[in-house]
Every structure is written in structure tokens, then in C-alpha cells.
Amino acid sequence: QVQLVESGGGLVQPGGSLRLSCAASGLIFSTIDMAWYRQAPGKQREWVAILYRGGIINYVDSVKGRFTISRDNAKNTVYLQMNNLQPEDTAVYYCNVWPGGVNYWGKGTLVTVSS
């Protein structure tokens, strides 16, 4: 019943920006925490950002100052604004929620940073 759909990925040059979206259904979005993860080619999935329902935000060090996580409860959507993208940001980006301790993942959206 819970569904997460990421969008907004694509090909961008170094220094460019993208805004990823994750549309959620089947849950009350305002009551849950949410996070973004990414998986680069040949690497393990890594945590990128988290936004707790109480407003606390944390980022992995490599994206601090460049990425911003936010939410729109009315639209049941979480965003990841990605600025000054670098080739090492190339990855499939996934959103993640865990209502009641049960993890849900989207299928991901591919971000490719290349000149």
C-alpha cells in the first residue's frame, strides 16, 4: 500500500543543480521521518540526508552546504535540492521512510554528473 516514487534525476554538468522529488502514498506523510540514500556504480548504498518529523535535519559530510532536504506535507512529497553537483555525486538516489519501523523504498532516480 505504501508507495514511494522518485523523480527529477537526469544528466547534469559539474556545478549544476537538480531537484529530486519523492512522492509518497499510502501513509500520513506529516507523521513520519524520511531520508535520502544513494548508490553509486560499484558502491554500496549510502545515507545522504534525513529530515525528522520534528524538524531536525542531518546530512552526510560530503553533501553539507550543497544539498537541502525538505518536505511538503500537503503534497506528501520530500525533496532533495542538489546544488554544485560533482561527478562523485553520480548515483541512483532513493527515498526512504520507516513508518512504525517498517522500511519502504522507492525504485530510485538516476543522477549523472558529467561534462
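Nearest heavy-atom pair, Leu18 versus Leu85, reported as atom, atom and distance to 0.1 Å: N-CD1, 3.8 Å. In terms of heavy atoms, Leu27 sits closest to Pro99 at CD2-CG, 4.3 Å. Closest of all the heavy-atom pairs between Thr90 and Val113 is OG1-N, 2.9 Å. Between Trp36 and Leu20 the shortest heavy-atom distance is CH2-CB, 3.7 Å. Minimum heavy-atom separation, Arg71 to Leu51: CD-CD2, 3.6 Å. Taking all atoms of both residues into account, the shortest heavy-atom contact from Ala49 to Leu80 is CB-CD1, 4.3 Å.
A continuous path of ILVMFWY side-chain contacts below 4.5 Å connects Val92 to Val60, so both sit in one hydrophobic cluster. Hydrophobic clustering keeps Tyr104 apart from Ile28 (ILVMFWY residues linked when any side-chain heavy atoms are closer than 4.5 Å, directly or through intermediates). Tracing side-chain contacts under 4.5 Å through hydrophobic residues (I, L, V, M, F, W, Y), one reaches Val48 starting from Leu110; they form part of the same cluster.
Rounded to the nearest 0.5 Å, atoms CG (Leu11) and CD (Gln13) are 8.0 Å apart. The structure places OG of Ser62 at 7.0 Å from CG of Asp89, a figure rounded to the nearest 0.5 Å. Annotation: the span from Phe67 atom CZ to Asn84 atom CG amounts to 9.0 Å, rounded to 0.5 Å. Taking OG of Ser30 as the start and CG of Asn76 as the end, the distance is 8.0 Å to the nearest 0.5 Å. A distance of 10.0 Å separates CZ in Arg19 from OG in Ser7, rounded to the nearest 0.5 Å. Considering OG1 of Thr31 and CZ of Arg53, their distance stands at 7.5 Å, rounded to 0.5 Å.
By the 4.5 Å heavy-atom criterion applied to side chains, Met34 and Phe29 are counted as neighbours. Ile50 is not listed as a side-chain neighbour of Ile69, based on a closest heavy-atom distance of 4.5 Å or more. In this structure the side chain of Gln81 never reaches within 4.5 angstrom of the side chain of Arg66, judged on heavy atoms. At a threshold of 4.5 Å between non-hydrogen side-chain atoms, the residues Ile32 and Trp98 do not count as touching. Residues Cys22 and Tyr79 are not in side-chain contact: their nearest non-hydrogen atoms beyond the backbone lie 4.5 Å or more apart. Side-chain contact between Tyr94 and Glu6: present, with at least one pair of heavy atoms (C-beta onward) separated by less than 4.5 Å. Ser114 places none of its side-chain heavy atoms less than 4.5 Å from the side chain of Pro87. The shortest side-chain heavy-atom distance between Leu4 and Val97 falls under the 4.5 Å cut-off.
No donor-acceptor pair closer than 3.5 Å links the side chain of Thr109 to the backbone N or O of Tyr93. Checked by atom type and distance alone, the side chain of Gln3 never pairs as donor or acceptor with a backbone atom of Gln1 at under 3.5 Å. With hydrogens and angles ignored, the 3.5 Å screen pairs no side-chain donor or acceptor of Asn83 with any backbone N or O of Gly16.
For an aromatic pair to be called close, the ring centres must be under 6.0 Å apart, and Tyr37 with Trp105 satisfies this.
Of the charged side-chain nitrogens involved, at least one lies within less than 4.0 Å of a carboxylate oxygen, so that Glu46 and Arg38 count as a salt-bridged pair.
In this model, no donor atom of one side chain and acceptor atom of the other lie less than 3.5 Å apart for Thr77 and Asp72.
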